[in-house]
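Everything numeric here is computed off the predicted structure, so don't read it as measured data. Lettering of chains follows the sequences in order, A, B, ..., and the numbering in each one begins at 1.
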2 protein chains.
Amino acid sequence: LASKTKHRVLILGGGFGGVFTAKHLRQPAGSDIHVELISRNNFLVFQPLLPEVAGGGIHPADAVSPLRLFLPGVSVRVGEVQEIDFAAKTVHVTARRGREITAVPYDHLVIALGEVVDLSRTPGLADRALVMKDVVDAFQIRNHVLGCMEEADSTPDPRRKRRLLTFVVVGGGFTGVETLGEMQELIRKSLRHYPSVRPDEVRIILVQHGARILPELPEHLAAYATDTLRRRGVEIMLKTGVKAVTSAGIETDSGLTLDAETIIAAIGNAPSPLMRSLPVPLDHGRIVVDRCLRVQGLDDVWALGDNAHIPLGDPNDDKTGYAPPLAQFAFREAKVLAGNVVAHLHGRPLTPFEYRSVGTMASLGGRSGVADILGVRITGFLAWAAWRLLYLSLLPGISTRIRVAVDWSLDLVISRSIVEIRPARFTSRYIRLLSGDVVVEPGFEPAGLYVVVSGCFELTSPATAADGAPARTRRLGPGDCFGMSFEGNAPPEPERVHACEDSTAYFVERGDLKRLALVTALLEKRGQTSVRTDPESA
Amino acid sequence: LASKTKHRVLILGGGFGGVFTAKHLRQPAGSDIHVELISRNNFLVFQPLLPEVAGGGIHPADAVSPLRLFLPGVSVRVGEVQEIDFAAKTVHVTARRGREITAVPYDHLVIALGEVVDLSRTPGLADRALVMKDVVDAFQIRNHVLGCMEEADSTPDPRRKRRLLTFVVVGGGFTGVETLGEMQELIRKSLRHYPSVRPDEVRIILVQHGARILPELPEHLAAYATDTLRRRGVEIMLKTGVKAVTSAGIETDSGLTLDAETIIAAIGNAPSPLMRSLPVPLDHGRIVVDRCLRVQGLDDVWALGDNAHIPLGDPNDDKTGYAPPLAQFAFREAKVLAGNVVAHLHGRPLTPFEYRSVGTMASLGGRSGVADILGVRITGFLAWAAWRLLYLSLLPGISTRIRVAVDWSLDLVISRSIVEIRPARFTSRYIRLLSGDVVVEPGFEPAGLYVVVSGCFELTSPATAADGAPARTRRLGPGDCFGMSFEGNAPPEPERVHACEDSTAYFVERGDLKRLALVTALLEKRGQTSVRTDPESA
């Protein structure tokens, strides 16, 4: 723990802004500052490498830098920021495991909580879409894509196969384009292992709201990227928005329906909801700071990165721009902010933040890319190589650099792994069934409870030799259940259930059912809640 | 698809037995056999390397071999075996994603479904324990251990710290001992990154029911292993059973209570429940086969590996032993079985299975091991090196071998990664709180709904300046809820909840709550089930 004479600087957020502020504060300040960093993860996610995790070229643990290795001398606390109390100069942090809350005091506070993904503006999208925020998300996309290839190779149903081989990326910015490029690379490299899947059966679609992709790059480069991707067979739908995601698929505002098993949402970046609870001025959900990165009206609170609204000139001038949410900006903001905290503590004048982008680049997968570096525009292999070199050099920590270099080298030498590592368990979810699909077979315990959402299912109890009863058939509609009972038991008699038209059911996985039953039982002890299951009442 | 003249051999199970049967069948038979393999995963888990995944020395995707790479020419289908219909010569398989059932026909069937983990004999164990069955389990143990280190480094509570730093392995066989050894290695190597954790605060305990550990090995080697582990500070409790796992910890039958955040169960191997549904003779849940690995009474069904009861001599002789559930046996059984299927198809006589173990070995972590190879007993570094060389050579597939060799080399050169990759989401679970722990703080949305299981919590609604109401306090007991409402909303007024004695609550995670509400809403459409929340009724 810090001695009492030390200034406690508390940094919230383990992204680029927070981590590099900690890095800079640790060095020049010598011993009169105690730096503590609070992060949701014990690592810094290196966002530019996430698409390669999604493409299977890099191991998930290699695309990130362990904070404790990169920040020796900084106290690292893994937890979620629950509440910030400016008056008491205290931050309340929840530990993930035990969920106990700890109050962490500060002298100076740096807010670098970044952004969250909010897909709520498009109905149904959040339920179905995979996102690309964290390294676990990226790894899940890799496994999901491989899972679709597996099932497409085995399914006897051509409609289901089409659906499994349709991959849609919503959002044509950096993340969307790079994820799409790497996903295509993964599919291309693994196709030879799936003999029943023909290359022309795979559909990869990019849905972009704007008039072009990669709005962050000059038009000329975006056009090159569009051409490259289209030549590889990617369907790029420009000026197209997503109206809703339903059981039939993605409905675009141009009236199309795309029936895809894989939907990746590379849109919806939004400020952390915690911002709204703070008594500070916000602009579009971002904390308003002055040019020295200090929060308006507070002497000891600073903010940077994607959760800060940072003027690049005089904020009273209408023409003043604001810092974009890019890692290179956060990186520089961190340096200025760390210097300003030290200057403030020592009574020296603060330095305003000034920075102009050195350029931007995007990888397109398949050893191609586009780059705009200090106005020089490069395309193709050179841009891709520059991309790799630059990011390898920017990766924090020697051991992380070695790991990524090894991953890249192995990917050149041996075939890319198609091992589908599943998440720990399959959760409850909507499932869509085509007419004729069999969901429950007699003689074996069903995997969970099914609740019909739309369409129609037919339940058949087979004829029993014992009591001479004939086969009986029952139709099930929305709200009806089949499979396991609510209590987690197998159906009382063997039954076979199939969809008699294209239908949607909500599948409650066995484990979820068990937890649900447990909660119900706990609540019933006090008569607070009752769950009755009475299949005959209407 | 196979042409009609081909014999369809269908193999159930992607473990050693199934995969090597497929490998052998593919080669000598030329073109008159069509081999299809059904596996839960698209890879073969190389069980001996799982402890190294748990220790973080090997990437999870590297400890497994992709089936499609290893078995070119074999049809691989990922799915769960739902039902076997011997009369119709058909197996029903469920696809994981869409849950549709496919009927797969066969001419010859090979059952190699292995074993499952069944912890139900010890009350409470299944709810809390981590297991070591699959590669995801092993990876989860690694992340769990690192998570405990993180939280132990930050918690201000000495009791919680003790609990977080207590690691218990139940079961002193191969899996238990090797997992313990690698876990200790991970903790030892990462300790320097956790400045608040002293080495002597870490407790690693092995609970073994039998009179010694490693019953599979000669007594002399087990004694060496025991000494080695004890010298490293591992507490080995012999002749100790687990009575129950409660919120207070693990209760042993010797009357001890071990309060541990980490419980790894390396016990409970049991035959797959599918076996019981089959109309075949079983012995201890295993399918009875003759010496040629044919299932009794069936001409076209074979079984091998851990789900088969395989006589090593005349089954009518009381002294006849049976094949133990070891990979080296499955490996040889596969060769004999494949040969017998081909012989049977060509009308040639069958070969009985005969094999004697060439020896066994166990790694103890920290570059030490024990080995008994053809009666020669080696200990220490040599045994460990032999272990690594042997398993590297046994690993199926060149690219998997390269990957593992690279992982091992990197582990010598750069520090082991302490990156804690979390599972995609935290699920609902029991949480235990110590007296005084704060669970809900006013001003921020709680993470879910809490149901009190035991103990007592105090809820405080702070005094409000607006209506002049004073602070109110309410006691909560078993069955009471706090935090989010059942509908997923924040509490109507700010509240603070803390445990007023050591207590247990069931935490229903936000996502689970949402799914639960969704199921309830679907069911209510038809009035089948109602969930009422009425806090005042008793």
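- Other residues, nucleotides and ligands contribute at most 12 non-hydrogen atoms within 6.0 Å of the CZ atom of R40(B).
- At distances below 3.5 Å, not a single donor-acceptor pair connects side-chain atoms of N42(B) with backbone N or O atoms of R68(B).
- Ranked by non-hydrogen atom pairs under 4.5 Å with chain A, the options P195(B), S196(B), C148(B), P72(B) are led by C148(B).
- In this structure, the portion of H92(B) lying under 4.5 Å from any heavy atom of chain A is its side chain and not its backbone.
- Side-chain atoms of S154(A) come within 3.5 Å of backbone atoms of E150(A) as a donor-acceptor pair (strictly under, hydrogens ignored).
- For F139(B), no part lies under 4.5 angstrom from a heavy atom of chain A.
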* To do: Run the numbers on R142(B) and V53(B) for side-chain contact (heavy atoms from CB on, under 4.5 Å), then give the verdict.
  => CA-CA 7 Å; R142(B) 173 196 172 275; V53(B) 174; 5.9 Å; no
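- Between chain A and the residues H498(B), H193(B), R77(B), H59(B), the largest count of heavy-atom pairs under 4.5 Å involves H59(B).
- Residue with the most contacts toward chain B among V508(A), L69(A), V104(A), I402(A): L69(A) (heavy-atom pairs, distance under 4.5 Å).
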* To do: Starting from the C-alpha separation in whole Å, work towards a yes-or-no answer on side-chain contact (heavy atoms from CB on, under 4.5 Å) for L67(B) and V78(B).
  => CA-CA 10 Å; L67(B) 293 179; V78(B) 174; over 6 Å; no
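- The contact between D437(B) and chain A is made entirely by side chain atoms (from C-beta outward), counting heavy-atom distances below 4.5 Å.
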* May I have the step-by-step check of side-chain contact (heavy atoms from CB on, under 4.5 Å) for D411(A) and D407(A), ending in yes or no? => CA-CA 6 Å; D411(A) 198 36; D407(A) 285 347; over 6 Å; no
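- Nearest heavy-atom pair, A61(B) versus V419(A), reported as atom, atom and distance to 0.1 Å: O-CG2, 4.2 Å.
- Heavy-atom distances place the side chain of L164(A), and not its backbone, under 4.5 Å from chain B.
- Scanning both residues, S415(B) and R403(A), for their nearest heavy atoms gives O-NH2, 2.7 Å.
- Of all the listed residues (S417(A), P60(A), A499(A)), the one sharing the greatest number of non-hydrogen pairs under 4.5 Å with chain B is S417(A).
- Chain B forms the most heavy-atom pairs under 4.5 Å with one residue out of N41(A), V406(A), D153(A), and that residue is D153(A).
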* Asked: Does the pair F43(B) and V135(B) meet the rule for a side-chain contact (heavy atoms from CB on, under 4.5 Å), with working shown?
  -> CA-CA 10 Å; F43(B) 51 81; V135(B) 69; 3.8 Å; yes
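- With respect to chain B, the highest number of heavy-atom pairs below 4.5 Å among I398(A), T102(A), I418(A), D157(A) belongs to I418(A).
- Both the backbone and the side chain of H144(B) come within contact range of chain A, each with at least one heavy atom under 4.5 Å from a heavy atom of that chain.
- For L410(B), the part lying under 4.5 angstrom from a heavy atom of chain A is the side chain only.
- With a threshold of 4.5 angstrom between heavy atoms, S399(A) approaches chain B through its backbone and through its side chain.
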